[in-house]
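Worksheet for the structure shown next.
Values reported hereafter were calculated over all heavy atoms of this structure, with side chains retained and with hydrogens, waters and symmetry mates removed.
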Amino acid sequence: MCGIVGYIGNQNAQDIVVNGLEKLEYRGYDSSGIATISNGKLELSKFKGRLSVLKEHLKKQPHTGFIGIGHTRWATHGEPSDVNSHPHINESESVAVIHNGIIENYRSLKAELIKEGYKFKSQTDTEVIVHLIDHYLKDSKDIMKAVNLTVKRLRGAYALGIIYKNEPDKIIAVRNESPLVVGIGKGENFFASDIPAILSYTKEVYYIDNGEMVVLTKDNITIYNSKGEKIEKEKSVITWDMESATKAGYPHFMLKEINEQPQAVSDTLLRRIDKNNNLILDDIRLDEDEIQKIKDIYVVACGTAYNAGLIGKYIIENLANLRVRVDIASEFRYNKQFINENTLVILVSQSGETADTLAAQKLAKTKGCRILSITNVVGSSVARNSDDVFYTLAGPEIAVASTKAYTTMLVAFYMIGVELAKLKQEINIDEYHNIVEKLKKLPQKVKETLFVEKKCIEIAEKIKNSKSAFYIGRGLDDSVGKEGALKLKEISYIYTESFAAGELKHGTIALIEKNTPVIAVVTQDKLLDKTMSNIQEVKARGAYTIIITDKHIEDINNYADDVIQIPEVYDIFSSILAVIPAQFIAYYTSIKKGNDVDKPRNLAKSVTVE
C-alpha cells in the first residue's frame with residue numbers, strides 16, 4: 001500500500017526519488033520522506049501530508065548525493081505524523097530503512113530491543129527493523145549480513161529499501177509478500193514498489209520474488225535467494241510507456257480510464273479469439289480431463305474484484321453448470337472452507353499484490369486446490385503462484401476507483417465461463433461459436449455506451465446534495481448495483497447501498513424518503529416485470545428514480561424520472577455496459593462536490609496489508 005523508490009547512479013538521487021514518488025501518488029498516502037547519503041553523511045527529510053510538503057522543504061534544503069531512498073506512507077501503525085513517516089533511521093544516523101507492508105511480530109521485537117536500551121521515536125512497526133539492523137551491525141560491521149540476520153527475525157509482509165552511510169556504494173532491497181521491482185539502467189539502477197516510479201528511466205526490470213535480496217550498485221545488480229545464494233533472473237521488458245500512466249488531456253485519471261474501456265476490453269478480448277472463433281486462453285491449461293475433476297469453484301477477492309466475482313459466479317453457474325461460491329478474501333481463511341484437490345479457486349486482484357488475496361492463495365495451495373488468477377499485472381505475486389493465469393491487459397490504472405480493471409475482469413469471467421462450458425460439454429460447438437461471436441461485439445458496444453456521459457452529468461447535478469442513495473436490481477443487475485454503489489460511496493462520500501430489488505419490502509423500503517435517489521439496473525428479460533414493480537414501489541414513496549436499461553420498456557416514464565439507455569446485448573453480457581453509467585454518475589457527482597476524484601480520502605489503490 002505504501003510506495004517505495006530507490007536510486008543509485010551518477011545523477012542527483014533526490015530528483016529521481018521524488019519523481020518516482022510522484023508516480024506512486026495513486027496508491028494513496030498520508031506522508032512522504034527521503035533519505036540520501038552525501039559526503040559520508042546520511043540526510044533525512046520526512047513530513048506528514050502530500051508530497052508537495054516534502055518538495056517545498058527540499059527547495060529550501062535540498063539533498064545532495066547519488067544514492068537515495070524514498071517513501072509514501074499509508075498509516076497502519078501510528079497516526080499520520082512527521083515522526084511516523086518513513087524513512088526511519090537508527091540512533092547513530094548511519095542506517096535508513098523504508099518499508100512497504102506490516103511486521104506482525106514487531107511488538108515482541110520492540111520489547112526485546114527496549115530491554116537492550118534502544119529508544120523508539122515512532123509508533124510504527126517499521127522502526128524495529130532499523131534498530132535490529134543496528135543491533136547486528138555492532139557485531140558484523142557488514143550491512144548485508146546485518147540485513148540477512150534481521151529479516152530472519154521478521155514475520156509478516158515487507159518490501160525493504162536500506163542504505164548505510166559506511167557503505168555508500170550500495171542499496172539493499174528485500175522482498176517478502178509485498179511487491180518489489182528492480183529497474184536496470186546504464187551506470188545507474190533503481191528499485192520500486194511499482195513500475196510507474198521508474199518507467200521514466202528504464203523499461204528493463206527484474207521482478208523480485210519472496211525471500212530474495214537485491215544488492216544494487218550503480219553498475220551492478222546482484223540477486224540472492226533465501227539461502228543466500230546468487231541467482232540469475234530473467235529480464236522483463238515493459239511494453240507500455242509513461243504516457244499510458246498520465247492523464248492524456250483528461251482532467252482526471254478516472255475519466256481517462258472510463259474512456260479507455262473500449263480499448264481495454266478489445267485488448268483483453270479480441271487478441272484471444274482466433275480466426276475460427278475459438279478462445280485462446282494463454283496461460284490457462286485446463287483441459288477436458290482436468291475440468292471433469294473440478295466439483296466446486298471458489299472465487300476469492302476484495303472490493304471491486306469481489307463485485308466482478310459475483311458476475312463471474314452467475315456466468316460460470318449458468319453456462320458451465322458448476323457450483324460457485326464467492327468469498328471476501330479477508331474472510332476466507334476464517335470461514336469454514338469446503339476445498340480440496342477437486343476445487344478450483346479463482347483469485348481476482350487488479351494489482352496481483354492484495355495481501356488478503358495472497359493469504360487466501362497460500363491457504364488454498366495447502367489444501368491442494370487448483371488456482372486460477374485473474375490480474376492486471378504481469379509477474380505479480382498472485383500470478384506467479386497460480387497454476388493458471390488470465391491477464392486482463394487493461395494497462396496501468398491510476399485512479400483509486402477502479403473502472404477499466406473491473407470491466408476487463410468481467411471479460412475474463414465471460415471468456416472463462418464460455419470455455420468451461422465447452423470443456424464440460426454443457427454447450428455444443430455451434431452454441432460456443434455463437435456466444436464467441438457475441439463476445440466479439442463487446443468492444444464496440446462499450447464504445448457506444450460512453451455516449452451516456454451527458455445524461456449522467458445531468459443526474460449527478462440532481463443527486464450531489466443527497467445524504468443517501470440506493471441501487472436496486474435482480475440477478476446480474478443486483479451485482480452491477482453493488483459495484484455502482486461502491487463507486488458512488490468511495491468518491492462522492494454519499495452513503496450508498498445496493499439491495500436486491502425483491503428485498504425492498506423486507507425492511508429497506510423504510511429508508512426511502514422524498515427525493516431519495518434510487519438507481520435501478522434493468523437488463524434481464526426474465527426479471528423485467530418483477531423489477532419494474534419494485535421500481536414502482538419506491539417511486540410511490542417519493543424516490544427520485546433513475547433506470548439504467550438496454551430494454552425498450554413501454555410506459556417507462558411512468559416508472560422513471562430519468563432513463564439511461566444503453567445498447568442491447570446478450571443478457572449475460574449486459575453487466576459490462578450497465579456499469580459504465582454508474583461510473584460516470586459517481587465521477588461527476590464527486591466533481592460537483594469538489595472532491596479529489598483520483599485520490600479519495602482514506603483509500604489506497606493497492607492494498608498490500610491485511
Steps toward ring pair (Phe, Tyr, Trp, His ring centres under 6.0 Å) verdict (Phe190, Tyr201): CA-CA 9 Å; Phe190 317 79; Tyr201 309 103; 5.4 Å; yes
Modelled atom types, side-chain donor and acceptor of Asn321 and Glu317, under 3.5 Å: no
Arg384, CZ atom: more than 12 neighbouring heavy atoms under 6.0 Å: yes
Charged tip of Arg272 within 45° of Phe390 ring normal and under 6.0 Å: yes
Distance-only donor-acceptor check, side chains Tyr7 and Glu188, under 3.5 Å: yes
Tyr588 versus Glu461, side-chain donor and acceptor atoms under 3.5 Å: no
Atom OH of Tyr493 with >12 non-hydrogen neighbours under 6.0 angstrom: yes
Residue from Ser380, Ser349, Ser330 passing side-chain hydrogen bond (donor to acceptor under 3.5 Å, both in side chains) with Thr354: Ser349
Distance-only donor-acceptor check, side chains Asn276 and His433, under 3.5 Å: no
No-hydrogen, no-angle side-chain donor-acceptor test under 3.5 Å, Asn376 and Thr392: yes
Flag, side chain of Thr408 to backbone of Ala405, donor-acceptor distance under 3.5 Å: yes
Within 6.0 Å of NZ in Lys447, more than 12 heavy atoms from elsewhere: no
